[in-house]
Amino acid sequence: MDQVYIRDVAKYIGQQITIKGWLYNKTDKGRLQFLMIRDGTGMIQVVAFKKEMTAEAFEAALAVTQESSLIVSGIVRQDERAAGGFELSLSDIQIVQLTQDYPITPKEHGIDFLMDNRHLWLRSRNQWAILRVRSAVIRAIRDYLDNNGFILMDTPILTPAACEGTTTLFETEYFGEKAYLTQSGQLYNEATIMAFGRTYCFGPAFRAEKSKTRRHLIEFWMVEPEMAYADLEECLRVEENLVSYIIQRTLEECAEELKILERDTSRLEGIVPPFPRISYTDAIAVLKEMGEELPWGEDFGAPHEVAIASRYDKPVFVHRYPAQCKAFYMETDPLDPQLSLSADLLAPEGYGEIIGGGQRTASLELLERRIAEQNLPREAFEWYLDLRRYGTVPHSGFGLGVERTVTFICGIHHIRETIPFPRTLGRIYP
RNA sequence: UCCUCGGUAGCUCAAUGGUAGAGCGACCGGCUGUUAACCGGUUGGUUGUUGGUUCGAGUCCAGCCCGAGGAGCCA
């Protein structure tokens with residue numbers, strides 16, 4: 001008999017079907033056995049009554065252990081007593097492999113143990129839900145950009161030098177020369193937009209920083225749209241439209257997953273454009289009122305971001321940071337040369353920065369001066385300077401962190417659960 | 001890199017400087033509606049590591065290793 005996926009069982013009420021999967025949990029009631037079976041698409045309760053099947057089949061139902069692989073056949077019934085509303089009345093069961101001593105029991109576990117067993121932890125219900133949300137978020141990002149005039153431009157992962165100079169890079173070897181794993185594809189897409197107008201790259205980024213917080217991964221995924229002839233205001237419009245689209249699509253496609261995660265979705269439903277905006281300088285004043293005083297010119301720390309974001313139900317843009325807080329390529333605010341045309345997007349509920357971006361400078365002179373001031377290796381940036389020599393235009397772009405966005409949408413505590421195999425400080429196994 | 005907390009049974013955790021324990025898991029038995037089922041029984045230990053103090057160290061001290069949370073930096 002052909003395999004039926006658990007997500008489709010509602011179409012088979014009263015019919016005999018076959019499900020191929022694994023045993024998630026079992027309740028032994030003597031002559032009555034409840035088997036919770038998962039197949040990747042969902043879970044269903046399988047009910048085995050001793051008197052309704054052969055002795056061999058009931059013996060197999062008794063013997064099967066947690067995470068054994070198995071193939072079951074039976075009739076689909078609608079039953080309110082079953083989680084999910086459907087169950088399978090078992091008629092036959094074939095054990096593909098009888099698992100012994102599966103390490104992750106249905107009880108509680110510590111994070112060290114779970115991380116060491118990440119390859120198995122992925123099978124657990126919450127991890128299943130989170131990683132399906134991740135997939136939906138990525139799909140939404142790509143659909144939005146593909147449908148709004150952006151061209152995908154894959155940028156290199158092996159690079160000759162720092163994109164931004166300051167942060168720590170993973171060094172490797174490239175046929176006798178030093179090479180580095182990319183931190184960002186942005187500079188390359190400042191080149192591609194001069195050929196294609198609007199582009200984006202979507203790939204992993206690597207930061208060899210010794211960051212050890214629930215918001216950091218060493219290897220994470222980032223989407224970086226870049227737009228020619230776009231100023232800061234246009235950039236923010238694209239950002240708020242993209243983020244709103246991601247959230248609304250995820251609410252539509254992942255209702256079950258968000259329910260498993262016990263996410264309060266009412267806090268996501270209202271996230272539609274426009275998003276609130278506050279300038280850096282105004283934010284400093286607000287922080288002073290809130291008792292989080294910070295001297296003008298210093299960059300926000302995590303507590304400052306949380307304090308600002310806590311004042312809004314939607315993500316909030318903080319714009320026009322002092323130039324000294326931001327990277328060398330940021331455009332200067334024509335109204336105040338101390339400021340940059342930059343903006344970060346801070347998520348609500350304490351989830352922090354999910355986007356950083358802004359308008360890039362179009363000025364050859366400013367770029368040359370900044371590169372000299374910050375002692376960056378000018379030779380490595382000659383191609384980048386060419387972009388200001390040959391048809392420079394105002395342009396903007398931003399980077400959205402996939403895992404931070406998924407953490408926020410799922411309403412979970414730690415970013416490490418939003419990627420199948422997280423690379424965190426000091427942990428590269430499995 | 002800095003600060004804080006932790007490391008005891010397969011897992012989660014107890015244990016005034018004085019006989020290393022419980023729950024879960026596993027195993028055996030019972031139960032026809034469980035939802036982390038429940039009930040009875042059995043099993044389970046180089047207390048991270050090296051040294052020190054002490055009649056006696058899981059417990060106190062020092063170093064080291066590993067992990068977690070936070071800071072800085074950032075998405």
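All chains are named by letter (A, B, ...) in the order of the sequence lines, taking the proteins before the strands, and each is independently numbered beginning at 1.
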Taking Glu240(A) first and then Lys314(A), would you say they form a salt bridge - that is, a charged N and a carboxylate O separated by under 4.0 Å?
no
Arg81(A) vs Phe113(A), nearer the 5' end of RNA chain B by closest nucleotide:
Phe113(A)
Is it the case that the ring center of Tyr321(A) lies less than 6.0 angstrom away from the ring center of Phe300(A)?
yes
Is there a donor and acceptor pair, one atom on the side chain of His216(A) and one on the base of rC74(B), closer than 3.5 Å?
yes
With respect to the phosphate group of rU32(B), does any side-chain polar atom (N or O) of Arg31(A) fall under 4.0 Å of OP1 or OP2?
yes
Counting only side-chain nitrogens and oxygens, does Arg215(A) get under 4.0 Å of the OP1 or OP2 atom of rC74(B)?
no
Do any of residues 350-362 of chain A sit with a heavy atom less than 4.0 Å from RNA chain B, and if so which?
Glu353(A), Ile354(A), Ile355(A), Gly356(A)
Do Asp28(A) and rC31(B) share a donor-acceptor pair, side chain to base, under 3.5 Å?
yes
Lys/Arg-Asp/Glu bridge criterion (N-O < 4.0 Å) met for Glu349(A), Arg263(A):
yes
May I ask you to verify if any side-chain N or O of Arg416(A) is less than 4.0 angstrom from the OP1 or OP2 atom of rG69(B)?
yes
Side-chain donor or acceptor of Thr105(A) under 3.5 Å from a matching atom on the base of rC24(B)?
no
Which part of the nucleic acid, if any, lies within reach of Asn25(A) when heavy atoms closer than 4.0 Å are counted: base, sugar-phosphate only, or nothing?
sugar-phosphate
Is there a donor and acceptor pair, one atom on the side chain of Arg427(A) and one on the base of rC66(B), closer than 3.5 Å?
no
Any donor-acceptor pair under 3.5 Å joining the side chain of Gln33(A) to the base of rU34(B)?
no
Per the salt bridge (Lys or Arg N to Asp or Glu O under 4.0 Å) rule, which among Asp299(A), Asp333(A), Asp344(A) passes with Lys326(A)?
Asp344(A)
Ignoring backbone atoms, test whether Asn117(A) places a side-chain nitrogen or oxygen under 4.0 Å from the OP1 or OP2 oxygen of rG10(B).
no
Which residue lies toward the 5' end of RNA chain B, His304(A) or Lys51(A), if each is placed at its nearest nucleotide?
Lys51(A)
Sugar-phosphate only, base, or nothing, as touched by Glu87(A) at under 4.0 Å among non-hydrogen atoms
base
For Trp128(A), does the six-membered ring have the charged nitrogen or CZ of Arg125(A) within the cation-pi criterion, i.e. under 6.0 angstrom from the centroid and within 45° of the normal?
no
How is His413(A) classified with respect to the nucleic acid when contacts are heavy atoms under 4.0 Å: base, sugar-phosphate, or nothing?
nothing
Side-chain N,O (Lys210(A)) to OP1/OP2 (rU1(B)) below 4.0 Å:
yes
So among Glu331(A), Arg370(A), His395(A), which one has a side chain to side chain donor-acceptor pair (under 3.5 Å) with Thr361(A)?
Glu331(A)
Can you tell me the pairing partner of rU1(B) across any strand shown, Watson-Crick or G-U wobble, with both distances under 3.5 angstrom?
rA71(B)
Regarding Glu403(A), tell me which of base, sugar-phosphate or nothing describes its non-hydrogen contacts under 4.0 Å with the strands shown.
nothing
Which part of the nucleic acid, if any, lies within contact of Ala205(A), taking any heavy atom under 4.0 Å across all strands shown: a base, the sugar-phosphate backbone alone, or nothing?
nothing
With the threshold set at 4.0 Å, does a side-chain nitrogen-carboxylate oxygen contact exist between Glu224(A) and Arg360(A)?
no
Measure the distance from CD on Glu305(A) to P on rC73(B) and round it to the nearest whole Å.
10 Å
